[in-house]
Amino acid sequence: MISYLSEINDIRLASENALKDIGLQVNFAVSETTMPSFGDITTNAAFVISKAKKIPPSDAIALFLVNFKPKSQKFLEVVPHTSGFVNFWLKTEFFNKFINEVIAQHGFGDIDVAQKKIAIEHTSVNPNKALHVGHARNVIIGDTFYRLLKRLGHRVAVLNYIDDTGVQVADLLIGFKEMGFSVDGDGQKYDHYCGDVVYVKANKVIENDLRLKEVRSNILKALEAGDETYKFANRIVSRIVSEQLKSAWALGARYDLLNWESHFLHAGYWNEVFDILKSKGAVQYVSEGKNAGCWVLKGKKVLIRSDGTAVYTAKDIIYAAWKLGIVNDRFGYDFFANQWDGTSLITTSLDKKGVKSYNPADISYIVIDQRQEPIQQMIKEVVEAVIPDKKYKIIAYGLVALSKNTAEKINANIENEKFVHMSGRSGVFFNLDDLYFMVKGAAMEIINKRNAPLENKERVAEGIAVSAIRYSLLKIDLDKQIVFDIDDALKLEGDTGPYLQYSLARAMKIIEKLGPLKIPCDIGVLNSEEERALLLSLTKFDYELNKSYETVSLSTIANYAHELAVQFNIFYEKHRVIDEKSELVKNARGCLVLAFTYIMTDLFQVLGIPVLKEL
RNA sequence: GGGCCCGUAGCUCAGCAUGGAUAGAGCGCUGGCCUGCGAAGCCGGAGGUCGCGGGUUCGAAUCCCGCCGGGCCCGCCA
């Protein structure tokens, strides 16, 4: 498919060949221009020639141009600049071809990449509580990256790991078994009941009670062993996971497979993994010093204690090894739930032998917050050393904290700090379901105020809530910490998800009222600055998606969607479509608007933003 | 003590992968635009030592080094 990216690649290849012919093999850049007035694409290749050959820029440009032979010459206007840059303008023929291809395919069409088998793990929230806004960042980053991988053409499996044998679950069980909390709940959503009420209270009591600490340690052993206590826990945990999934589904996330820590333990993977690590020399036995008697990773991280038991990190290594196929799959597979997109969510199983639903990945991604990065980095090194042809990739993001204002609203004690980190244990968190409910309410308020004759206000408000929440978390760079403020989250104007939806709705309304277009269209009559800027932005679809993937930056896509929406709105304010008098211009503009709706819808799919025809 | 991340307008953030030619948005402040395809929109104004210092370079918000400020991690816990 012809695009901005295909032209950049063409220019890069032609420049490379030109430099080769001149006898140079050096680095140069082909990129976007810094100012629209300079053109659409630029290269500094002549600079490089000028420097290497010690000749003036003007001579270097001349030398470059006689050797420069791009394949798609008919699409490019070459404009050398006295400063030494060689600039390129994309011609009308290029835009015409692009728009007609987009319209013919109802979208951008396939993107040309080498297909890989990929697993991505995200969410993986302890199964004793509801998802809070920090978990929401994980879910949305993971789900959007999944959507991006999928859109690029890869085969992707989405995994969600359930740590059902950890301390958090044990604490919860104590709440039920020792403190008299009802296992059936109190009427509110079950994950909220367990996390907000039972767990917080139980944990507080246990921390000051030696007997209960003893009970907890026994429960942990029982969970690992898989006896009656485990079965009791399993019923509760499954119910909580089901509720957590509802919260994630509401945001447009979906999964392929649930993995359970207990399954890995009970299936007895550890010895196999440990043997492989030993045989590959990835783990060493230490005979003296403070780690005497232990098996150690990278000379610092103890993996097997001197008493022969494995530390927690061993479980992470087992999982990583399983994802990439370092160990043989011993699991059965079973149905867990139907999802909103029509797919089935599968779970591993220790007894049932359903259809094998997971094939080891070539590349495995894990979405984690920055605190876990060092340990995951170590796991990456170990795993990639054992199986060098596969990749273990880490997507780490900054923590989500609560603003002073927001913390006060949930009655958290914040003293003189500007923000506070969330903590499930101490009850300092803002639940995702509450955020969703409140944003939906804010959307509903606007809808009612405008008195818009919408068919299904409820569904529209939900769509707006999803876009507002997803976009606000995606547009911020992964490396950045977020201080969540509920008042900001409820604002639906400006650089927000609803702004994107609004732009698309406007465009779709035009198409709906416009009537049939003459295809193929000739957009040669469109020569205004605004029309050209919109056309240019549209052609950057695969360029931006590719950049987002290469740099693992989801804000890149979010910002691109915003830029497109801005370009469209500027065009919309300045030019009429339906009541345009010239039939030629009207048809051309109609095609431009139609192409915009296709590309934008395609982008929404990647971002997980619902398309609303009306809002 | 060792390591990771952040620092760009009053506030929240783009831009940094691949150095380039006048540093961009939103919110807030301020002045305009609906008898027009949807005003959740658009146009204008005010607002910037790109944390500080050095280095590399013809050229640095962008690359390198040091420092300062903020956040986080570093258990034979899970």
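Note: hydrogens, waters and symmetry copies are ignored here, and every other heavy atom, side chains too, is used. Sequence lines set the chain letters: A, B, ... in the order given, protein chains first and strands last, and positions in each chain run from 1.
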Q.
Quick one about A/Y397 and A/D369 (side-chain donor to acceptor, distance below 3.5 Å, no hydrogens or angles considered), yes or no?
A. no
Q) Just to confirm, is there a sub-4.0 Å distance from OP1 or OP2 of B/A78 to any side-chain nitrogen or oxygen of A/Y312? A) no
Q. Looking at B/G41, B/G20, B/C6, which one has an atom nearest to any side-chain atom of A/D479?
A. B/C6
Q. Quantified in whole Å, what is the C1' atom distance between nucleotide B/G48 and nucleotide B/U22?
A. 14 Å
Q.
What I want to check is whether an N or O donor and acceptor connect the side chain of A/S555 with the base of B/A14 at under 3.5 Å.
A. no
Q: Using a 4.0 Å heavy-atom cut-off across all strands, classify A/T42 as base, sugar-phosphate, or nothing.
A: base
Q) Heavy atoms under 4.0 Å, any strand shown: does A/G166 hit a base, just sugar-phosphate, or nothing? A) sugar-phosphate
Q: Using a heavy-atom cut-off of under 4.0 Å over every strand shown, decide if A/I464 touches base, sugar-phosphate, or nothing.
A: base
(Q) From the set B/A17, B/C37, B/C72, return the single nucleotide nearest to any side-chain atom of A/I510. (A) B/C37
Q | Nearest listed nucleotide, side chain of A/P498, among B/A40, B/G41, B/C37 | A | B/A40
Q | A/F38/A/F85 aromatic ring centres below 6.0 Å | A | no
Q: Starting at atom CG of A/N569, determine the distance to atom C1' of B/C33, rounded to an integer number of angstrom.
A: 15 Å
Q) Is B/C34 in the syn or the anti form, by the rule that syn lies within 90° of 0? A) syn
Q. Between B/G20 and A/T34, is there an OP1 or OP2 to side-chain N/O distance shorter than 4.0 Å?
A. no
Q) When you check the side-chain N and O atoms of A/Q376 and A/Y392, is any donor under 3.5 Å from an acceptor? A) yes
Q: Write down the distance between CD (A/Q370) and C1' (B/C5), rounded to a whole number of angstrom.
A: 5 Å
Q. From B/C37, B/C73, B/U22, pick the nucleotide closest to the side chain of A/M35?
A. B/U22
Q: From the options B/C13, B/C27, B/C37, select the nucleotide whose nearest atom is closest to the side chain of A/K480.
A: B/C13
**Q.** Side chain of A/Y502 - closest among B/A40, B/C73, B/G15
**A.** B/A40
Q | Phosphate contact (B/C72 OP1 or OP2) by A/H421 side-chain N/O below 4.0 Å | A | yes
(Q) Strictly below 4.0 Å: does A/Y499 bring a side-chain N or O up to OP1 or OP2 of B/C42? (A) yes
Q) Do A/Y572 and the base of B/G41 stack face to face, with centres under 5.5 Å apart and an angle between planes under 30°? A) no
Q: Using a heavy-atom cut-off of under 4.0 Å over every strand shown, decide if A/K574 touches base, sugar-phosphate, or nothing.
A: nothing
Q: Quote, to the nearest angstrom, the P distance that separates B/G71 from B/G66.
A: 22 Å
Q) When the distance from CZ of A/F568 to C1' of B/C42 is rounded to whole Å, what number comes out? A) 13 Å
Q. Which part of the nucleic acid does A/K613 contact within heavy-atom distance under 4.0 Å: base, sugar-phosphate only, or nothing?
A. base
Q) Out of B/C73, B/C76, B/C42, which nucleotide sits closest to the side chain of A/C294? A) B/C76
Q.
What is the distance, to the nearest angstrom, from the NZ atom on A/K491 to the P atom on B/G41?
A. 14 Å
Q: Scan A/N87 against the nucleic acid and name what it touches under 4.0 Å (heavy atoms): base, sugar-phosphate only, or nothing.
A: base
Q.
Tell me whether the side-chain N/O atoms of A/R305 come closer than 4.0 Å to OP1 or OP2 in B/C77.
A. yes
Q.
For A/F419, is there any backbone N or O sitting under 3.5 Å from a side-chain donor or acceptor partner on A/E417?
A. no
Q: Side chain of A/V577 only, please: which of B/A40, B/A14, B/C37 is the nearest?
A: B/C37
Q: Answer with base, sugar-phosphate or nothing: what part of the nucleic acid does A/I447 contact at a heavy-atom distance below 4.0 Å?
A: base
Q. B/C37, B/A39, B/G20: which one has an atom nearest the side-chain heavy atoms of A/I578?
A. B/C37
Q. If you look at every strand shown and take non-hydrogen atoms under 4.0 Å, does A/D369 touch a base, only sugar-phosphate, or nothing?
A. nothing
Q: Report yes if the distance between the aromatic ring centroids of A/W295 and A/F274 is under 6.0 Å, otherwise no.
A: yes
Q: Could you say whether A/A292 or A/L399 is positioned toward the 5' end of RNA chain B, judged by the nucleotide with the nearest heavy atom to each?
A: A/L399
Q: Looking only at side-chain atoms of A/S37, point me to the closest of B/U22, B/C27, B/G26.
A: B/U22
(Q) Testing the 3.5 Å rule here: is there a donor-acceptor pair between the side chains of A/K457 and A/N448? (A) yes
Q: Find the distance A/H562:NE2 to B/U12:P and express it as a whole number of Å.
A: 19 Å
Q) Which part of the nucleic acid does A/F419 contact within heavy-atom distance under 4.0 Å: base, sugar-phosphate only, or nothing? A) sugar-phosphate
(Q) Need one value for A/S306: base, sugar-phosphate or nothing, where a base atom within 4.0 Å counts as base even if backbone is also close, heavy atoms only. (A) base
Q) Is there a donor-acceptor contact under 3.5 Å linking the side chains of A/T165 and A/E224? A) no
Q. Which comes earlier along RNA chain B counting from the 5' end, the contact point of A/E493 or that of A/T33, where each point is its nearest nucleotide?
A. A/T33
Q. Atom CG of A/L478 and atom P of B/C16: how far apart are they, to the nearest Å?
A. 14 Å
Q: Using only side-chain N and O atoms of A/R216, determine if any of them is under 4.0 Å from OP1 or OP2 of B/A78.
A: no
Q: Would you mind checking if A/E531 and A/K574 are paired as a salt bridge, meaning a charged N to carboxylate O distance below 4.0 Å?
A: no
Q) Quick one: A/W270 CH2 to B/A78 C1', roughly how many Å, whole number? A) 15 Å
Q | Atom pair distance, as rounded to whole Å: CG in A/L303 and C1' in B/A78 | A | 14 Å
